[in-house]
Amino acid sequence: MPGTKRFQHVIETPEPGKWELSGYEAALPITEKSNPLTQDLDKADAEQIVRLLGQCDAEIFQEEGQVMPTYQRLYSESVLTTMVQVAGKVQEVLKEPEGGLVVLSGGGNSGRMAFLMSVSFNQLMKGLGQKPLYTYLIAGGDWSVVASREGTEDSALHGIEELKKAPFVAGQMDYCMDNPAIFLPVLVGFNPVNMARNDPIEDWSSTFRQIAERMQKLQEKQEAFVLNPAIGPEGLSGSSRMKGGSATKILLETLLLAAHKTVDRGIAASQRCLLEILRTFERAHKVTYSQSPKIAALMKQASTSLEKKGRVYLVGWQTLGIIAIMDGVECIHTFGADFRDVRGFLIGDHSDMFSQKAELINQGPQCSFSQEDFLTSILPSLTEIDTVVFIFTLDDNLMEVQTLVEQVKEKTANIQALAHSTVGQILPTPLKKLFPSIISIMWPLLFFEYEGNFIQKFQHELSTKWVLNTVSTGAHVLLGKILQNYMLDLRIRNSKLFWRALAMLQRFSGQPKARCIETLLQVIHFPQPLSDGIRAAPISLHVQVAHEKEQVIPIALLSLLSRCSIPEAQAQLAAAPSVCDAVRSALTGPGRKRVADPLETLEPAVL
């Protein structure tokens, strides 16, 4: 947006997009809309996929347009003001640490991000000789950090029980507002409050929108805060692990680091301080995507391994290992992948990271993520069709890196490195020679006293997240898993994914919501015939049944498009080379005509 920007940007952000027009997919919140940038993602090659997803990530830093100021953005005055106010509240806890606690909480990707940030800021405080004051809550407990346990975030009562134990998300916010002397709730999201989900929460009296509206009113008295800049739709529709996760990390780390930087000087956090830190995250985008050709090459390698029924292993040191674990776990529900397809491992000591470590002991292969697990469970069974990506900084133990690479190289030649260095650091030649290809990301020196080390650490993490998200998403696009920019073959693991499935059926079939709901429920409960009792059952029952079934959405869509029975739709799917090929064939078949997009006009469906 040349000429309209208030700030001197590090990267060139896209022009305001079609998604910012008020009528665009009006029935959907921003985070569930399809991004016009990636509407032909399924036709892109590896290099184009990297470019398109990089442009989507750049939208995080886009400003409010002067011509179309539809939504507040990360750099909007209102958002920066709220960030300053929240940083001030964090400072109050830091000044009087006795009895104070900063709790980061969420479900799925948000909960994993909460875990990562609490680990980082506790490390920062320990390094300063201070008592760690951060803790995290994640729906499903520590198991959900390292394995897929979707659906647990639907329970408000479970959230409250967790919150009482430590000072989940709707229930937690409500509970906080009912106890203002103890808690100060801060809600982070990327939709305007009027787009928040308004369907009933099964074990709770309020909808999420009602809770957000209540918080918005309390913000006037600084008794609650809502931080909800628009960052645009995801590159892969609804995949909040991507921009949603990155923006959560950027926003919270910026305001928390600003609080720490200024509290020691006895001054309040300022917009200027926030902007300095936000600039470093913009630089991370520029530095990361300058490696686009090598990121595309890694994507092709990963896709080849998966196509041959091999595995992709992401082996990261320290917190980069947490990013690797997150990326692997999130492929399970995003792409309907097997937990063995893409897996992350953490090299290094994690003894003080988890609050409920006992949950993870002897829980089977899905919960294996440590260095010892990799050496005993993965290394012996590696084959030449597997790909192993090593993720480290030049400050890590490079002899340890070299030893592990040599062991892996005896099993497979498909190894790559993602190595972060600071200006002046050089990768030792013996280690460098082991890799056919290295994504080498060099960072400038930062002069921010002690906190500067953490800004650099946060840059490394965000950059690694962008690379791995792009690689794993692109690998599945190249496998033919994506239709336009929709993942049709996801598993319905929670209520949000149930409504997303319904929206996709409406979009691609063009049929009324009642017909789409009926067909979706028929496929979920097949071969059991639908009774009035099943139709009236709560969403949680449908999710519980759907969670165990594969290909629910494509079967339902083929049944709608071909006006055929479920067994006939299943046969169509089995005969096609891929899910998307089957659906494309049905979409372009004889007698098919283009229908108006139902999402432009329909209200969200409610059972």
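Note that this is a predicted model, so its numbers are computed, not measured.
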Self-check item: Under 3.5 Å donor-acceptor, N35 side chain and G235 backbone
Solution: no

Quiz prompt | Flag side-chain contact, heavy atom, 4.5 Å: D327 against R241 | solution = yes

Practice problem: I would like to know whether T38 and L236 meet side-chain contact (heavy atoms from CB on, under 4.5 Å); could you show each step before the answer? | Solution: CA-CA 8 Å; T38 56; L236 181 65; over 6 Å; no

Quiz item: Between the side chain of S463 and the main-chain N/O of H460, is any donor-acceptor distance below 3.5 Å?
Solution: no

Practice problem: Mind running side-chain contact (heavy atoms from CB on, under 4.5 Å) on H420 and I441 for me, showing each step along the way? | Solution: CA-CA 5 Å; H420 297 279; I441 301 185; 3.9 Å; yes

Quiz item: Got a second to check how far L274's CG is from L257's CG, nearest 0.5 Å?
Solution: 10.0 Å

Quiz item: For the side chain of R73 and the backbone of P229, is there at least one donor-acceptor N/O pair under 3.5 Å apart?
Solution: no

Quiz item: Do the non-hydrogen side-chain atoms of H260 and M125 ever get within less than 4.5 Å of each other?
Solution: yes

Quiz item: Near K221 NZ, under 6.0 Å, is it more than 12 heavy atoms from other residues, nucleotides or ligands?
Solution: no

Quiz item: V467 and side-chain contact (heavy atoms from CB on, under 4.5 Å): which partner among V471, T464, T470, N469?
Solution: V471

Practice problem: State, yes or no, whether a side-chain contact exists between I322 and M326 at a heavy-atom distance under 4.5 Å. | Solution: yes

Self-check item: Any Q506 side-chain heavy atom under 4.5 Å of K513 side chain
Solution: yes

Quiz item: Rounded to the nearest 0.5 Å, how far apart are SG of C331 and CG of L468?
Solution: 9.5 Å

Quiz item: Between the main-chain N or O of K243 and the side-chain N or O of E234, is there a donor-acceptor pair closer than 3.5 Å?
Solution: yes

Quiz item: Do you know which two heavy atoms are closest between T334 and M487, and how far apart they sit?
Solution: O-CG, 2.7 Å

Practice problem: For the pair S34 and N485, evaluate side chain to side chain donor-acceptor pair (under 3.5 Å) and give the outcome as yes or no after the intermediate values. | Solution: CA-CA 7 Å; S34 60; N485 55 8; 4.7 Å; no

Practice problem: Mark yes or no for whether E32, through its side chain, and R500, through its backbone, hold a donor-acceptor pair below 3.5 Å. | Solution: no

Practice problem: Might you point out which heavy atoms bring I30 and A230 nearest each other, and give the distance in Å? | Solution: CD1-CB, 3.8 Å

Quiz item: When rounded to the nearest 0.5 angstrom, what distance separates NZ in K261 from CD1 in I455?
Solution: 5.5 Å

Exercise. Kindly check if the number of other-residue, nucleotide or ligand heavy atoms within 6.0 Å of CD (E223) is above 12?
Key: yes

Quiz item: Short question: side chain of K18, backbone of L37 - any donor-acceptor pair under 3.5 Å?
Solution: no

Quiz prompt | Test item: T393 and Q456 side chains (from C-beta on) under 4.5 Å apart, heavy atoms | solution = no

Quiz item: Which heavy-atom pair separates L133 from V93 by the least distance, and what is that distance?
Solution: CD1-O, 3.9 Å

Quiz item: Hey, what do you get for OG1 (T473) to CG (L52), rounding to the nearest 0.5 Å?
Solution: 12.5 Å

Self-check item: Nearest heavy-atom neighbours spanning Y289 and V50
Solution: CE2-O, 3.9 Å

Quiz item: Is there a side-chain contact (heavy atoms from CB on, under 4.5 Å) between K249 and L116 once you walk through the steps?
Solution: CA-CA 9 Å; K249 181 173 165 58; L116 172 68; 4.1 Å; yes

Quiz prompt | Under 3.5 Å side-chain donor-acceptor pair for S240 and N109 | solution = no

Practice problem: Could you give me the CA-CA distance, side-chain angles and deciding distance for W466 and H285, then say whether side chain to side chain donor-acceptor pair (under 3.5 Å) is met? | Solution: CA-CA 8 Å; W466 275 330; H285 182 282; over 6 Å; no

Practice problem: May I ask you to say whether E461 pairs ionically with K457, meaning some side-chain N is under 4.0 Å from a carboxylate O? | Solution: yes

Practice problem: Please report the shortest heavy-atom distance between N228 and Q72, naming the atom on each side. | Solution: OD1-NE2, 2.8 Å

Exercise. Could you tell me whether H9 and Y75 have their ring centroids closer than 6.0 angstrom?
Key: yes

Quiz item: For the side chain of S237 and the backbone of P233, is there at least one donor-acceptor N/O pair under 3.5 Å apart?
Solution: no

Quiz item: Does any non-hydrogen side-chain atom of E253 lie less than 4.5 Å from one of F454?
Solution: no

Quiz item: How are the rings of F121 and F458 set to each other: parallel, tilted or perpendicular (split at 30° and 60°)?
Solution: tilted

Quiz item: In Å, rounded to the nearest 0.5 Å, how long is the span from OG1 of T288 to NZ of K465?
Solution: 11.5 Å

Practice problem: Kindly compute the distance separating OG (S246) from CD1 (I60), expressed to the nearest 0.5 Å. | Solution: 5.0 Å

Practice problem: Check K89 against L184 and note the closest heavy-atom contact, atom names and distance. | Solution: CG-CD2, 3.4 Å

Quiz item: Can you check ring pair (Phe, Tyr, Trp, His ring centres under 6.0 Å) on F190 and Y71, steps first, answer last?
Solution: CA-CA 10 Å; F190 303 105; Y71 305 115; over 10 Å; no

Quiz item: Between the side chain of K33 and the main-chain N/O of Y24, is any donor-acceptor distance below 3.5 Å?
Solution: yes

Quiz item: Looking at side-chain heavy atoms only, is the closest gap between R283 and W443 below 4.5 Å?
Solution: no

Quiz item: Are any non-hydrogen side-chain atoms of R272 and E276 less than 4.5 angstrom apart?
Solution: yes

Self-check item: Under 3.5 Å: donor-acceptor pair, side chain of E282, backbone of V10
Solution: yes

Practice problem: Check the pair T81, Q271 against side-chain contact (heavy atoms from CB on, under 4.5 Å), reporting the backbone distance first and the verdict last. | Solution: CA-CA 7 Å; T81 298; Q271 286 196 15; 3.5 Å; yes

Quiz item: Q91 side chain to I267 main-chain N or O, any donor-acceptor pair under 3.5 Å?
Solution: yes

